[in-house]
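Let me begin by presenting the structure, written as structure tokens, before commenting on it.
It should be emphasised that the depicted structure is a prediction, and the values quoted were computed from it without experimental measurement. Each ligand, and each atom within it, is numbered from 1 in the order the structure gives.
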Amino acid sequence: MPDKVLSPVYKRVLLKMSGEALMGNGPQAIDTDTVLRIVNEVVQVYRHGVQVGIVIGGGNFFRGAQLSELGINRITGDHMGMLATLMNSLAMRDAFERLDLPVRVLSAIPMSGVVDLFNRRKAIHHLESGRVVIFAAGTGNPLVTTDSAASLRGIEVSADAVLKATNVEGVFDKDPSLHADASLYRELSYTEALSKELKVMDLAAFCQCRDHQMPLRVFNIHKPGALLRVVQGEREGTLVQ
Ligand code: UDP
């Protein structure tokens, strides 16, 4: 029997996931089965006609702040972190290509011969032409994280929402890994999230989304079908708007 088909509530989304989402349970920074599983979640959404842009972090390899604690210059560490996002983007592009899905990687840092340089108009053109676009190398600037890249690229390409993929259901009143009685918020305003000091994404990125009325949806990327339910407007994760 064919899947129940609901119309998507979003035409274009910016999906943000952390580099750690690509790690399996083993020691590798990138687990190809995990990458393929996540890419398959994106494919379901793509097949419903949703345009998908992706920002992927690099924390499975490097984070500038952590490297600076080990003595590496902070800016150099951030450059290493941005290059890590590029490696993750290539792994993800490879998985999309294995599934024969049209995909492009646009990088904020030039890497001629490997990926194209980010260009807003080109990105929108690719999305409108039915290609998944992976935005690599963060914002290209140090001292921020890929949360900032997600809010920036989401706003630049006029996405209908930034979808923040995590390994928990959404935003909770307290850490669900430490408190069994933590309760999930289904909807929050930007002001509520700030006043309750709930961690939705990095503060700078969060405020940018708020200032540009970019809705944010936090959901569990490891839950099969969750991404599809999000774009179909079903009760899934936490919506901040
Ligand atoms: N980074 C940066 N500028 C950006 C995006 C990322 O300097 O615009 C660096 C920063 O050091 C960051 C690292 O790249 O810690 C990896 O990104 P992030 O921490 O967001 O990865 P995630 O935790 O999402 O896997």
Side-chain angles (χ1 to χ4, degrees), residues 13-31 34-35 37-39 41-42 53-93 95 105-111 115 117-120 123 133-157 159 162-168 170-171 175 177 199-209 212 214 216-222 227 237:
V13 293
L14 191 295
L15 174 65
K16 157 77 214 292
M17 73 186 79
S18 76
E20 280 171 1
L22 305 188
M23 298 174 83
N25 298 321
Q28 313 92 322
I30 296 178
D31 176 62
T34 306
V35 178
R37 194 164 42 75
I38 290 175
V39 162
E41 294 293 315
V42 178
I54 300 174
V55 167
I56 175 132
N60 50 331
F61 288 107
F62 300 118
R63 292 192 181 99
Q66 289 168 355
L67 289 175
S68 78
E69 285 168 17
L70 301 174
I72 291 183
N73 172 277
R74 173 62 197 265
I75 307 299
T76 301
D78 281 340
H79 289 157
M80 291 169 71
M82 284 187 272
L83 293 179
T85 74
L86 219 125
M87 293 194 282
N88 287 335
S89 299
L90 293 180
M92 194 162 260
R93 181 182 71 182
V105 176
L106 300 181
S107 170
I109 296 176
M111 188 152 293
V115 292
L117 189 60
F118 170 73
N119 170 311
R120 174 178 168 265
V133 177
I134 304 173
F135 299 103
T139 62
N141 295 306
L143 303 180
V144 289
T145 70
T146 48
D147 278 357
S148 286
S151 61
L152 181 65
R153 297 297 183 235
I155 293 163
E156 282 183 295
V157 303
V162 168
L163 310 180
K164 173 140 180 172
T166 65
N167 54 9
V168 291
V171 181
D175 186 344
S177 65
K199 179 99 183 69
V200 180
M201 67 197 307
D202 284 0
L203 193 58
F206 183 85
C207 292
Q208 193 172 53
C209 287
H212 293 266
M214 172 61 69
L216 273 164
R217 173 84 74 160
V218 183
F219 73 103
N220 186 350
I221 189 70
H222 300 296
L227 178 59

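- Partners of Arg37 under the salt bridge (Lys or Arg N to Asp or Glu O under 4.0 Å) rule, at least two apart in sequence or in another chain, do not exist in this structure.
- The closest side-chain heavy-atom distance from Leu106 to Asn119 is not below 4.5 Å.
- Every pair passing side chain to side chain donor-acceptor pair (under 3.5 Å) that includes a residue from residues 20-30 is listed here, sequence neighbours excluded: Glu20-Arg63.
- To the nearest 0.5 Å, the span separating OG1 on Thr146 from CG on Leu152 amounts to 12.0 Å.
- The distance from atom CG of Asn73 to atom CD1 of Ile75, rounded to the nearest 0.5 Å, is 6.0 Å.
- Listed as neighbours of ligand 1 are Lys16, Ser18, Gly19, Gly57, Gly58, Gly59, Phe62, Arg63, Gly64, Asp78, Gly81, Met82, Gly138, Thr139, Asn141, Pro142, Leu143, Val144, Thr145, Thr146, each bearing a heavy atom under 4.0 Å from the ligand.
- In this view, Ser89 satisfies the side chain to side chain donor-acceptor pair (under 3.5 Å) rule with no residue, not counting sequence neighbours.
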